[in-house]
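Before any comments, here is the structure.
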Amino acid sequence: MLSIKNLSITFTNEFAVEAVHDVSLNIAPGERLGLVGESGSGKTMLALAISGLYPRSTTRISGEVLFNGTDILKCSSKELCRLRGKEIGMVFQEPMTSLNPLMKVGRQIEETLKMHTNTPPTRRRELALEAMESVELPDPKLTYEKYPHQLSGGQRQRAMIASAIIADPKLLIADEATTALDVTSQSQIIDLLARINERHGVAILFISHDLSVIRRLCNRVAVMHAGKIVEDSSTQAVFENPKDDYTKRLIAAIPTRDKRRRQT
Amino acid sequence: MTLKYILKRVGVFVVTLFVISTLAFIAFSIIPGDPVTRMLGMNASEERIVEMRSELGLDKPIHTRFFKWLQSFVTGDFGKSYSYSIPVRELLSDKVLTTASLSLMAFVFVLAISMPLGLLLSRYSIISSKGAKSSFQRAIISAATALNQIIMSIPPFFTGIIITYVFGLILRFFTPGAFVPYSGNPAAFYAYLIFPALSIALPRSAMVIKLIRGSVLNEAGSDYVRTAYSRGGGQWYVLLVHIMRNALIPVINFLAMTLSDIVAGSIIIEQVFAIPGMGRLLLLSISNRDYPVVQTIVVIIASVVVILNLLADVICQYIDPRIRIT
């Protein structure tokens, strides 16, 4: 479905940093792919390239990002607008600031429909309430009328997910979607993403620096380091038999019960 | 909005007016000059001056005079002008209308100029995720920004002089100095005010444009804007629906200040265009030491400032649910 071929992204400022270097990556329909790496490894730039949201004026990009056969990098801005939200949904890291503070939560959830379909407002509202129900937001009718600052971090992230899946996209990109949340909400959101994946068959690209989170959600893991993909195989294979040195260090960095016992 | 909030704001309003009028009263008793010598001339006899002073109540101590003024003011009696010998209310009514018309017209011009241009300039200044700006686009933006900066720094009286020269003396769109009162011919009255209003509006519009652009650019980098793009919003849609509402909050507060500034600053432009408005009367009354007139105008201007700020607060609360008082 999504196939990235030899993608490189270089910043055109005086340092000419290469954020992504010759990356090739495939995502099959319905797959849950985890992309892991430390901050600055190019994960987010990769995600922004997939959605065409990368900063064009300050970067140079080469390679191909094929989404069902269309090269996203060659799309016009109109074509990109048709793709975003409709085909590719996105959830970002900061639930506190990712929603417009002046707009009712329900209106933001149904906005994706407003942009892509001719659904009448009353039907849009119904669909928004349904989506809110499916992301397990409490009391959808009441929450619909609320503003973002009246929701908790976890609830806002649920609202973000609802707005990302309401138009039934083929791919959901979750860029550090659970990083800013506390452990309980984090694990609830991961379970929710897994259920959404099973129910709607939407492929998920889950980006995180936290391998333990990825292990719970994803069936495949790609490890990114300094702009390159250093490892790409099934979750099981990566954890049981990591090939790359960096991956081994990442896995060793996951706190386990044994280690904790040793430390105390 | 609760009753408590309304009461609080009304309380602040009353206290502000009280403090301002007290200060104005004190200022007048400190500065040299005397309305009586102004009225009677330098050669008036000593007895006549004493007689006049007691007639106007000026022989009494300042606090007695102040409370007497305050007492009649709150009952709606603004006193009688020393120099015109007619009630202040009568003297001011058409002057207030003139200045209010001029100020409002200038404000409408500010809105009509700055809103569309500010939006357009911000639209093209946003560092777009959709493609690098062409060098032509960049040149237009720098030229517009530079022009804006120049217009912003020209004081209104100078704009007024240039407009009078170009539109009045060369193009003859209006006759400088041929002011028509509202009671004479409303259409001609408003027509005469167009150019003065324009000279007030130009530099202020430039300021508002700069503010809109800064505020929009500031908001454009926010996460919620990226979210709106990720849902498939186009540039204009995201700008108008998402960015604008957020960016308008500082602009609305600035607009309230601008309007009160226009009212208070009408003194200068009324001089330049020979408009017999409130500002001109204030200037004259200060030099004539015409206390009742000055006090009333000071209270009017202070009320305008306080009310406009209150209005801005209410509008911002309507827009922003986070600062809404429930």
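All of these numbers come straight from a predicted model, not from anything done at the bench. Worth knowing before you read on, the calculation uses all heavy atoms, side chains too, and leaves out hydrogens, waters and symmetry mates.
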Test: B:Arg226 cationic atom under 6.0 Å from A:Phe92 six-membered ring centre, within 45° of axis: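 Flagged: B:Arg226 positioned over aromatic ring of A:Phe92.
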
[X] vs [Y] side-chain heavy atoms within contact, under 4.5 Å:
X	Y	value
B:Tyr229	A:Leu53	yes
B:Asn246	A:Pro101	yes
A:Leu102	B:Ile249	yes
A:Met103	B:Val241	yes

Would you check if the side chain of A:His116 reaches a backbone N or O of B:Arg231 as a donor-acceptor pair within less than 3.5 Å?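 Yes, because the side chain of A:His116 sits within donor-acceptor range (under 3.5 Å) of the backbone of B:Arg231.
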
For A:Leu99, does its backbone N or O pair with a side-chain atom of B:Thr227 as donor and acceptor, under 3.5 Å?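 Checked: no pair found.
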
How long is the gap from CG on B:Asp223 to CG on A:Asn100, to the nearest 0.5 Å?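 One finds 11.5 Å between CG of B:Asp223 and CG of A:Asn100.
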
Mind checking the NE2-CD spacing from B:His242 to A:Gln108? Nearest 0.5 Å is all I need.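 Nearest 0.5 Å value for the NE2-CD distance: 6.5 Å.
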
Within a reach of under 6.0 Å around CG of A:Asn118, are more than 12 heavy atoms found that belong to other residues, nucleotides or ligands?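 No - once you tally the heavy atoms of other residues, nucleotides and ligands closer than 6.0 Å, there are 12 at most.
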
Look at atom CD1 of B:Ile268 and say whether more than 12 heavy atoms of other residues, nucleotides or ligands are closer to it than 6.0 Å.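 No, CD1 of B:Ile268 has 12 or fewer neighbouring heavy atoms, counting only those of other groups under 6.0 Å.
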
Would you check if there is a donor-acceptor pair between the side chains of B:Tyr237 and A:Glu111 at a distance under 3.5 Å?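 Yes, B:Tyr237 and A:Glu111 have a side-chain donor paired with an acceptor closer than 3.5 Å.
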
Which bit of [X] comes within less than 4.5 Å of chain B, counting heavy atoms only: side chain, backbone, both or neither?
X	result
A:Ser98	both
A:Lys104	neither
A:Met160	side chain
A:Ile173	neither

B:Ser230 versus chain A, heavy atoms under 4.5 Å apart: side chain, backbone, both or neither?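 Looking at B:Ser230, backbone and side chain both touch chain A.
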
What's the shortest heavy-atom distance between A:Cys81 and B:Gly234, and which atoms?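 Looking at all heavy atoms of both residues, the shortest contact is SG-CA, 3.9 Å.
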
